[in-house]
Amino acid sequence: MGRAVVQVTLFGLLLALTTTLPVKDDWDIYSFHINSTVSSRYAITVITSRVANRMDESKEIEFHVRIPKNAFISKFKMLIDGQVYDGVVKAKEQAKQEYTQAVSRGQSAGLISSVGRTLEEFKTSVTVAAYKKVTFELTYEELLQRKLGKYELQIYARPMQLVTDFKVDVYINEKASINFIEVKGGLSTKALANAITKTHADKEAWVHFYPTEDQQKSCDSCNDQGMNGDLVVVYDVSRDTNLGEIKVQSGDGYFVHHFCPSSLIRISKNVVFVIDQSGSMHGRKIIQIRTALIHILNDLVKDDFFGIITFDSFIYEWKRELVQATKENIRSAKAFARNIKDNGATDINGALLKGAKMLNAQPRKGSASILILLTDGDPTTGERNFEVIQSNVRRAIAGKFPLYCLGFGFDVNFEFLEKMSLQNNGVARRIYEDSDADLQLQDFYEEVAVPLLTDVTMTYVGGTNLTQTNFSQYYNGSEIVVAGMISDNDIGTFIPKVVGISVRLNRHCSLVSDSRVQRVWAYLTVKQLLEKGLLLSGSEKKDVTKEALRLSLKYKFVTPLTSMVVTKPQGETTDVLNKPKEGATQSEWNPPLVPSIVPGVRGVGYSPHTGTYSALLPQLQSRRHQGRAGPPGGKQNKWELNKHNAFFLSFILNHATPPLLLVTLVFCCVTLPPRPSAAPLIHRFLLKPGNQSLPLCFDVFGNLKLKLLHHPNSGQLTLIRQDKEIDVTVGDVRIVILIHGKREFLWPALRQQSSDTNVSGILGSALVISALADKDLCAFVFFFHRSSAVDYSIAANPSLTCWLMPAELALQRRLDEFIVAQL
Ligand SMILES: *[C@@H]1O[C@H](CO)[C@@H](O)[C@H](O)[C@H]1NC(C)=O
Ligand SMILES: *[C@@H]1O[C@H](CO)[C@@H](O)[C@H](O)[C@H]1NC(C)=O
Ligand SMILES: *[C@@H]1O[C@H](CO)[C@@H](O)[C@H](O)[C@H]1NC(C)=O
Ligand SMILES: *[C@@H]1O[C@H](CO)[C@@H](O)[C@H](O)[C@H]1NC(C)=O
Ligand SMILES: *[C@@H]1O[C@H](CO)[C@@H](O)[C@H](O)[C@H]1NC(C)=O
Ligand SMILES: *[C@@H]1O[C@H](CO)[C@@H](O)[C@H](O)[C@H]1NC(C)=O
């Protein structure tokens, strides 16, 4: 047993990224259809892919598509050689028990994973005999939500090869007139313009997208592997001035009410922005916040009142009380916004309480109050207990106005923000850390910029099993949707009524008939029960969850409570598909699937206790003789034992969304040198990828001097000593040395990375890790144990969950390279 050699460079990685994409020459998607029908905003989409194995041997054929996050998958089937294999929706727990084998293989959860802001990825594969065909068919459903005055249906097309018969068909059928329809998205470009046809006839509309193979190569995001982009069908329906539209399903008594009156006038608002300016907002984030805030201030209307609170370890009010949005005040607020600076820790509790107090201090009759929190991290100072903060905030707001929480980036505990928003009649949104973050912030603000009604109560005499009926505010551009059942199916006694402050509505509306109403009701009820489950605990939570599960099973929705079990032809593994959890960075790791190209190889485990790897490589030896056994493409990805008895492995360390962390390593044998037992543990290092990924950590043993950061062209050094930290700027690198605790323990935290690629050292390496992000890779899984490490890069020293791995792997270099013989 030799020792492990881990040898990776960033360039090697990028190379690996391009070479692990599956080669598709040997199978052919000869037909790919997406058919979406929207009836009263409820969209049912079917993706059908027909694939032929053109080879004289059996082949693993993959089905790999993207669907909107908001959708529930409701059906999946495969047709092979006249035989149908149906996916079955089961309670997650039950699927887990029945298919322990599939689940323990680590194939359970990675198959539907979250990609980017709006999509989830669905992936499965099956072996198809020589010259045989397979048809995959996936159905998903979603209720289109009206935002900023429109509905959007997003369809993602990425077959990963050119397809002779490629079609997207959308049919929209509404009970009210469709007043406009547009096609947008990455595929709606000039090159593809004549592949798109759009027909619009009062209450119906059709969109067809039939690109030729040539066109499939020619759009912006397309190449020889075909299209990769989305089509977004955008539309709205005309509305009348009264109660809106109520649809009933003839026969079984379900109804759905779309409430969206057009003739209301805006009511003035009182809005308080509570903005995190803690140290972690440093750099682009704080610049984007300033930009967004300045735009938003420009959009305030004269009869609005507003306040701005910024916070770090302290809380700063621009003005002690709400002020009117006069020209003079806006000018002064913009000057304040331009000067928002990052610094210190995060006191969410104190800041929110101050915001609530400001709104409570000046209740204005007939106006709408709104509290907006923007933060990029967890509370690190002041009150830090999530539950205590939630209960404080709830008490302070007392149901009087909604709280909207915007979570910036992936260091936030989104569940905490979501729960707090829901407890206060608001919603939480994620702001993705990207170049358009300022626009995302402005878009969110626009959604709540024009309140039309407050305290909206929808009542339905003769209605039962209603979805949510009380809404704290109703904004221009949105829509309230309530579904339920009509008691005894007696339309004669059914009286809908809407009461809201600022306008009283109580008019008749016509009942129209629609066949999808029951599914709309089920979809809304399940979504709302899942949200409610977040707020409850104990037996109440159990009841709500039980009902959500019952309905998920009844309507065959793949929700967070259910799994879809896909049984395949004999001899093949069953897939258990789960819906990914939004931003589930802390609580759940969804291991990606081991691609079936190399069945048998399941990954490698590393035991922190013994310091040994245990590889699950039952068939490696035999596969060596089978030609290309590894991911096809690149030479270095061949599964070959070389003369050092080492082989190449690629793997993804991923728990859901990008970035996937892919490391190629030369791995030798099965056992690493055991941890030197005599050497004391000197430190546990933590590498924070900065977004979605769980941090990595590793231990360094023995009495070593390690190079933390080496900057070859250091330039000028600036040193600022503050109370608990020393701020060092060298060239374009900024480091804050934090002074921790009573032991006066110093720890350097990198706050601004250098653009110089020659920077080396452990802190420099962390940058390499955080720079990796890519989406579409398949490779091999390693299982690392979860552990925890203290984060000394912020004053509060929180303990973070991390993946414990050998230093070599985390640093992607041999540890020797960081050891300094003498200072
Ligand atoms: C799309 O699906 C609907 C509903 O199943 C069906 O009626 C329609 O014919 C399909 N359209 C196409 C173009 O296949
Ligand atoms: C609501 O938004 C529409 C555009 O979506 C606009 O035409 C209308 O004037 C707005 N209503 C109010 C009251 O601002
Ligand atoms: C409607 O609610 C009643 C109780 O109010 C319950 O017994 C019934 O099962 C519910 N119906 C559905 C379809 O959930
Ligand atoms: C909705 O609001 C009304 C009036 O404010 C109240 O009587 C009722 O209890 C509320 N219903 C729910 C489910 O909160
Ligand atoms: C990095 O170092 C190499 C050789 O030492 C030098 O040629 C190169 O210019 C350096 N890169 C930068 C960005 O300074
Ligand atoms: C993750 O962080 C890296 C580096 O900070 C960045 O390049 C990448 O785009 C981020 N990924 C996402 C999904 O935000």
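Just the heavy atoms: all of them, side chains too, but no hydrogens, waters or symmetry mates, feed the values below. Just so you know, ligand 1 is whichever comes first in the structure, and atom 1 is the first atom listed for that ligand.
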Step-by-step side chain to side chain contact (heavy atoms under 4.5 Å, CB included) determination, Arg41 to Val237: CA-CA 10 Å; Arg41 294 70 139 169; Val237 300; 3.9 Å; yes
Asp165/Tyr210 under side-chain hydrogen bond (donor to acceptor under 3.5 Å, both in side chains): CA gap, chis, key distance, verdict: CA-CA 8 Å; Asp165 171 29; Tyr210 299 163; over 6 Å; no
Tyr42 six-ring face occupied by Arg516 cation (under 6.0 Å, within 45°):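 Output no; distance or angle outside limits.
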NZ or CZ of Lys133 within 45° of Tyr30 ring axis and under 6.0 Å: yes
Polar proximity ligand 1 side, Asn35 side, N/O cut 3.5 Å exclusive: yes
Output the list of atoms in ligand 2 that are nearer than 4.0 Å to some heavy atom of [X], sorted by atom number.
X: Asn476; answer: 1 (C), 2 (O), 3 (C), 8 (C), 10 (C), 11 (N), 12 (C), 14 (O)
X: Arg266; answer: 13 (C)
X: Val450; answer: 14 (O)

Charged N-O contact under 4.0 Å between Glu152 and Lys147: no
Salt bridge (charged side-chain N to carboxylate O under 4.0 Å, His left out) between Arg429 and Glu447, intermediate numbers included: CA-CA 12 Å; Arg429 275 295 165 77; Glu447 285 178 39; 2.8 Å; yes
First-shell residues of ligand 3 [heavy atom, distance under 4.0 Å]: Tyr254, Asn465, Met485, Trp521, Arg550
Straight-line distance of Ile330 CD1 to Leu300 CG, nearest 0.5 Å: 4.5 Å
Any side-chain heavy-atom pair of Thr562 and Lys92 under 4.5 Å: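 They are not in contact (no side-chain heavy atoms under 4.5 Å apart), so the answer is no.
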